[in-house]
Amino acid sequence: MSVELAVREYAELGEGPTWDADAGRLIWVDILQSRVHTYDPADGRRTVMVTEQHVGAAKPRAGGGLVVNLRDGVGLYGPDGRDFRWLHHDPVPGRRANDAAVASDGSLWAGTMRYDEAPGGGTLTRITGDGTTQVVLDDVAVSNGTGWSPDGRLMYYIDSPTRRIDVFDAEDPEHVVNRRPLAVIEDGAGFPDGLTVDADGCVWVALWDGGAIRRYTPAGELDHVIELPVRRPTACAFGGAGLTDLYISTARTGLEAPHPLSGSLLVVPGAGKGLAQPAFAG
């Protein structure tokens, strides 16, 4: 599979690519530069929106607009990128937002972490369209990739310093139980970061400091590796009209001599077949 440049960018910490099917565009963020990017692969059109705080994730809302996981909580933007309002405001000194995902019921599962990455300083919280919150995990270091199996019965989750891709049984859209490892990333191969699940139920994981994307089967077996030219891929997602192209966000932060493509958005055409992602119901 060939790795191609989709958008040349110099993101400090690119993260969270998400395909917005209604708009036919990819959304991703630069956390540390407080920017939300969009890219339309059909015509190359791009937009950049600056947020007032570090932004860990941005996802499409049903009916237009964005839900954003910000340093001090979760907020909403209208369809024109204006009319911001807080949905859940919960500032904690030294803590910021990180990756997030939307479940099949339209709720946002939003991760947090401390800037110093202290163990136990982060959370994973479920937030509904009316602002109701439910803390799912409260002992997290670096909350990262979250996703569900095609039938919704399993949830995959990454707390990066554990080096594990964990799997839960999803009893219903609100509750997950029976946490256990699906796979463990060996020393020297980097740390698991963002993830996406494909139509076959396989889990694709970006390896921070590992310069690669890996695919694991539902049984936890490694069956595919895509080597990348950059050291710090952060997340991946399927996009394009047929959900067959794998988009990969990357980072430059902390690198003394980053590769020229570090911070850019990469794409692997025809990598597989993704799942349609629900919009946030709020």
Side-chain angles (χ1 to χ4, degrees), residues 11-18 27-37 51-59 66-75 86-103 107-127 133-148 155-166 168 176 185 190-196 203-210 232-237 248-254 263 265 277 280:
E12 285 296 310
L13 185 52
E15 182 62 274
T18 301
I27 304 168
W28 82 102
V29 303
D30 182 347
I31 296 176
L32 298 180
Q33 292 191 28
S34 306
R35 294 178 179 177
V36 177
H37 295 260
T51 59
E52 294 186 2
Q53 297 183 354
H54 288 165
V55 54
K59 307 295 179 182
L66 297 172
V67 59
V68 287
N69 194 22
L70 296 171
R71 183 194 65 199
D72 291 346
V74 172
W86 287 107
L87 181 65
H88 172 63
H89 192 229
D90 182 29
V92 176
R95 191 181 76 177
R96 70 165 174 84
N98 211 42
D99 206 352
V102 178
S107 61
L108 183 74
W109 293 54
T112 64
M113 58 177 283
R114 289 190 57 81
Y115 280 95
D116 62 8
E117 301 184 11
T123 60
L124 179 67
T125 301
R126 176 180 178 269
I127 303 165
T133 63
Q134 169 194 349
V135 177
V136 180
L137 299 173
D138 62 1
D139 187 19
V140 174
V142 180
S143 186
N144 254 313
T146 306
W148 288 263
M155 187 187 85
Y156 300 100
Y157 178 71
I158 291 171
D159 181 1
S160 291
T162 68
R163 291 185 180 274
R164 299 195 313 265
I165 306 159
D166 285 341
F168 295 76
V176 292
I185 306 302
F191 292 85
D193 199 328
L195 67 79
T196 193
V203 182
W204 300 67
V205 180
L207 296 184
W208 173 273
D209 276 342
R232 290 186 166 172
T234 57
C236 55
I248 302 163
S249 55
T250 68
R252 300 174 62 84
T253 186
L265 182 71
Q277 298 300 301
F280 178 67

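We number each residue from 1, following the sequence as shown. Below, all heavy atoms of this structure are taken into account, side chains as well, without hydrogens, waters or symmetry copies.
For the pair Arg252 and Asp30, the salt-bridge criterion is not met [side-chain N within less than 4.0 Å of a carboxylate O].
The main-chain N or O of Ser34 is found under 3.5 Å from a side-chain atom of Thr51 such that the two form a donor-acceptor pair. Looking only at distances, no side-chain donor or acceptor of Asp166 sits under 3.5 Å from a matching main-chain atom of Tyr157. Arg232 contributes a side-chain N or O that, together with a main-chain N or O of Thr253, makes up a donor-acceptor pair within less than 3.5 Å. Using a distance-only test at 3.5 Å, with no hydrogens or angles considered, a donor-acceptor pair links the side chain of Thr234 to the main chain of Gly14. In terms of modelled atom types and a separation under 3.5 Å, the side chain of Thr250 and the main chain of Gly263 share a donor-acceptor contact.
A 6.0 Å sphere centred on CD of Glu52 holds no more than 12 heavy atoms belonging to other residues, nucleotides or ligands.
The line from NE2 of His37 to CG of Leu265 is 9.5 Å long, rounded to the nearest 0.5 Å. Between atom CH2 of residue Trp208 and atom CG of residue Leu13 there is a gap of 5.5 Å, rounded to the nearest 0.5 Å. Here CZ of Phe280 is found 5.0 Å from CG of Leu87. Values are rounded to the nearest 0.5 Å. Once rounded to the nearest 0.5 Å, the distance linking OG of Ser143 with CG of Asp159 reads 7.0 Å. Here CH2 of Trp204 is found 8.0 Å from SG of Cys236. Values are rounded to the nearest 0.5 Å.
Residues meeting the side-chain hydrogen bond (donor to acceptor under 3.5 Å, both in side chains) test with Asn144, sequence neighbours left out: Asn98, Ser160, Asp193. For His54, the ring pair (Phe, Tyr, Trp, His ring centres under 6.0 Å) partners are Tyr115, not counting sequence neighbours. Annotation: side-chain hydrogen bond (donor to acceptor under 3.5 Å, both in side chains) contacts of Thr123 (sequence neighbours excluded): Thr112. The side-chain hydrogen bond (donor to acceptor under 3.5 Å, both in side chains) search around Tyr156 returns none, not counting sequence neighbours. Every side chain to side chain contact (heavy atoms under 4.5 Å, CB included) that Pro91 has, sequence neighbours left out, goes to Asp72, His89. For Asp116, the side-chain hydrogen bond (donor to acceptor under 3.5 Å, both in side chains) criterion is met by Arg114, not counting sequence neighbours.
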Residues Ile185, Phe191; criterion side chain to side chain contact (heavy atoms under 4.5 Å, CB included); working and verdict: CA-CA 7 Å; Ile185 306 302; Phe191 292 85; over 6 Å; no
Audit row: Lys59, Ile27, side chain to side chain contact (heavy atoms under 4.5 Å, CB included) steps and yes/no: CA-CA 7 Å; Lys59 307 295 179 182; Ile27 304 168; over 6 Å; no
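Taking each heavy atom of Ala100 and Ala110 in turn, the nearest pair found is CB-CA, 3.9 Å. For the residue pair Arg71 and Arg95, the shortest heavy atom distance occurs at CG-O, 3.4 Å.
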